[in-house]
Amino acid sequence: MRLPILMYHAVDRGPQGARSPRLYVPPEQFEAQLATLQQLGYETISFGDWLAFRRGRATLPRRPIILTFDDGYRSIGEIAWPILRRFGFGATVFLVSDLIGKTNAWDPPAPPEPLLGAAEIAEMQAAGICFESHTRTHAALTMIPPERALEELTTSRAVLSQLLNAPVTVLCYPYGKQNLMVRALAREAGYEAAVIARRRMNTARTDPFRLTRIWIDNRMTLARLRWTLFRLRWLHFA
Ligand SMILES: [Zn+2]
């Protein structure tokens with residue numbers, strides 16, 4: 001079984017002069033990408049489905065895929081979600097627990113981007129969108145003392161579990177920064193899996209605290225998306 005996980009940030013046109021244009025995928029490009037995934041036979045699953053499968057407690061569709069969105073931008077609710085629904089696709093959104101309903105304060109001097117609020121999260125959750133942790137303040141976990149990193153991990157997990165009234169078991173390392181210590185802290189804090197950015201498919205042998213994701217940005221053409229998925233599925237056996 002080979003599982004691709006795609007990594008998105010904002011689905012939007014992006015403000016003029018945005019510091020990080022790579023964080024934005026325009027809506028029509030996103031829609032065309034979902035159409036391509038559907039044509040290729042992909043069906044979305046959740047991290048819970050994948051973890052249950054790894055424990056031998058669930059079966060998966062023939063071509064499973066997980067769609068993820070980092071940071072919880074409000075555009076995910078306003079723009080990406082209606083498109084996802086049209087295709088019957090689910091997704092997982094990684095939230096920064098201190099900044100629900102605020103802006104991406106960790107990213108100055110970029111123009112502030114609004115983040116999803118509690119009401120929007122509840123509405124999306126009721127419709128099957130999954131929410132997991134992107135820590136409490138979006139701190140780079142390898143750059144702060146271990147006890148602070150552990151606090152980021154445990155507090156965000158507790159706050160989000162309460163907000164969602166559901167267990168939070170998956171972590172997205174801010175800036176993708178992780179090491180042996182951070183992975184151990186994540187396990188200690190009660191997470192069951194965590195994601196990084198690396199262009200690979202996941203297999204039963206992949207470290208659950210280093211599940212790999214394919215970064216999708218506005219340079220990902222449909223031809224490149226098809227080729228990337230084909231190549232990783234059939235030609236890469238690392
Ligand atoms: Zn982030």
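These numbers come from a predicted model, not from an experiment.
For Tyr8, the ring-ring contact (aromatic ring centres under 6.0 Å, His included) partners at least two apart in sequence or on another chain are Phe30, Phe69. Remark: Thr212 pairs with Asn202 by the side chain to side chain donor-acceptor pair (under 3.5 Å) rule, at least two apart or across chains. In terms of the side-chain contact (heavy atoms from CB on, under 4.5 Å) criterion, residue partners of Ala189 (sequence neighbours excluded) are, by chain and number, Leu150, Leu153, Thr154, Tyr191. Scored by the side-chain contact (heavy atoms from CB on, under 4.5 Å) test, Gln29 finds Val25, Pro26, Gln33, Asn218 as partners (sequence neighbours excluded). For Arg210, the side chain to side chain donor-acceptor pair (under 3.5 Å) test picks out Asp207, with sequence neighbours left out. In this view, Glu28 and Arg13 satisfy the salt bridge (charged side-chain N to carboxylate O under 4.0 Å, His left out) rule, not counting sequence neighbours. In this structure, the side chain to side chain donor-acceptor pair (under 3.5 Å) partners of Thr135, at least two apart in sequence or on a different chain, are Glu152. For Lys177, the side-chain contact (heavy atoms from CB on, under 4.5 Å) test picks out Ala140, Thr142, Met143, Tyr175, with sequence neighbours left out. Not a single side chain to side chain donor-acceptor pair (under 3.5 Å) links Asp12 to another residue, sequence neighbours left out.
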Just distance, no hydrogens or angles: give the donor-acceptor pairs under 3.5 Å from side chains in residues 60-68, sequence neighbours left out.
{"from": "Arg63", "atom 1": "NH1", "to": "Leu40", "atom 2": "O", "distance (Å)": "3.2"}
{"from": "Thr68", "atom 1": "OG1", "to": "Leu6", "atom 2": "O", "distance (Å)": "2.7"}
{"from": "Thr68", "atom 1": "OG1", "to": "Arg213", "atom 2": "NH1", "distance (Å)": "2.9"}

Please tabulate, one pair per line, all N/O donor-acceptor pairs under 3.5 Å involving side-chain atoms of residues 77-95, not counting sequence neighbours.
{"from": "Arg86", "atom 1": "NH1", "to": "Glu31", "atom 2": "OE1", "distance (Å)": "3.4"}
{"from": "Arg86", "atom 1": "NH1", "to": "Glu31", "atom 2": "OE2", "distance (Å)": "2.7"}

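Applying the salt bridge (charged side-chain N to carboxylate O under 4.0 Å, His left out) test to residues at least two apart or on different chains, the pairs with a partner in residues 121-140 are Asp98-Arg136, Arg136-Glu151.
Ring pair Phe53/Trp50: centre-to-centre distance below 6.0 Å.
Under the 30°/60° scheme for interplanar angles, the aromatic rings of His134 and His138 are found to stand perpendicular.
Enclosure of atom CZ in Arg54 by more than 12 non-hydrogen atoms of other residues, nucleotides or ligands within 6.0 angstrom is indicated. Counting non-hydrogen atoms of other residues, nucleotides and ligands closer than 6.0 Å to CD of Gln38 gives a total above 12.
Side chain of Gln162 to main chain of Val159: no donor-acceptor pair is present (N/O by atom type, distance under 3.5 Å, no hydrogens or angles).
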